[in-house]
Amino acid sequence: SAVISQKPSRDICQRGTSLTIQCQVDSQVTMMFWYRQQPGQSLTLIATANQGSEATYESGFVIDKFPISRPNLTFSTLTVSNMSPEDSSIYLCSVEGSGQEKLFFGSGTQLSVL
Amino acid sequence: GQNIDQPTEMTATEGAIVQINCTYQTSGFNGLFWYQQHAGEAPTFLSYNVLDGLEEKGRFSSFLSRSKGYSYLLLKELQMKDSASYLCAVFTGSYQLTFGKGTKLSVIP
């Protein structure tokens with residue numbers, strides 16, 4: 001199994017600012033994923049980040065709002081830009097697994113926007 | 001479109017058995033997952049079903065009927081530490097997982 005370190009674990013931010021979330025994996029992985037879990041809602045895939053190419057965004061998510069970096073096979077960042085209270089959520093990094101366990105999740109970032 | 005339904009909340013007594021149901025309508029199906037998520041923590045893998053039938057793993061079992069678009073997670077001998085949200089997720093291919101909203105289970109003494 002992969003060990004995923006995600007930081008910050010939580011943050012409280014002001015409206016209009018940006019926050020960058022970091023995700024570090026202890027092994028090389030091809031695919032990394034960023035999910036959002038809004039209060040009372042399901043986990044929703046924001047984008048898939050592959051090393052050496054542009055991230056692939058899901059419907060409803062755009063690069064200007066959620067720019068992603070993937071500089072190597074063990075690291076990725078997600079930035080939440082120009083934040084509003086509606087961005088208050090848990091953001092989760094995940095990586096591909098093997099066998100039955102298709103995804104491993106990081107510990108998440110609890111974001112509150114005032 | 002993708003639609004996954006599961007009850008919002010359930011309460012059960014310590015030592016009892018509880019069944020959490022999940023129904024799904026998705027455009028693709030390559031298996032169904034159950035995850036456990038304690039408050040403030042990441043989801044952790046519980047089970048994976050791709051064929052019809054029951055998969056048993058200790059106190060936890062998961063059942064799948066593909067023809068009915070239905071799954072359940074069965075938790076036996078409930079413990080207080082089982083209080084958590086349980087997420088049903090359908091694997092639609094290429095590591096695409098579509099999640100339900102989760103069922104918050106409260107185990108009471």
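The shown structure was predicted, so the numbers you read here are calculated from the model rather than taken from an experiment. Letters go in sequence order (proteins before strands), and every chain restarts at 1.
Nearest heavy atoms, A:S42 versus B:G100: CB-O, 2.9 Å. Annotation for A:G106 and B:A42: closest pair O-CB, 2.6 Å, computed over non-hydrogen atoms.
Annotation: B:Q19, atom CD; neighbour count of heavy atoms from other residues, nucleotides and ligands within 6.0 Å is above 12. When the shell of 6.0 Å around CD1 of B:I108 is examined, it contains more than 12 heavy atoms from other residues, nucleotides or ligands. Counted within 6.0 Å of CZ on A:R10, heavy atoms from surrounding residues, nucleotides or ligands total 12 or fewer; the atom is thus considered open. The neighbour count for B:E14 CD, taken as heavy atoms of other residues, nucleotides or ligands under 6.0 Å away, is above 12.
The same ILVMFWY cluster, assembled from side-chain heavy atoms under 4.5 Å apart, contains both A:V113 and A:W34. Cluster annotation: A:M32 and A:I4 are assigned to the same hydrophobic cluster (Ile/Leu/Val/Met/Phe/Trp/Tyr, side-chain heavy-atom contacts under 4.5 Å, transitive).
We find the CZ-CZ distance between A:F104 and B:F45 to be 9.0 Å, quoted to the nearest 0.5 Å. With rounding to the nearest 0.5 angstrom, the CZ atom of A:F33 is 8.5 Å from the CG atom of B:L97.
In this structure, chain B has a heavy atom under 4.5 Å from the side chain of A:Q37, while its backbone stays farther away.
B:Y35 is not listed as a side-chain neighbour of A:L43, based on a closest heavy-atom distance of 4.5 Å or more.
For the set B:K104, B:E41, B:K101, the entry with the most heavy-atom pairs within less than 4.5 Å of chain A is B:K101.
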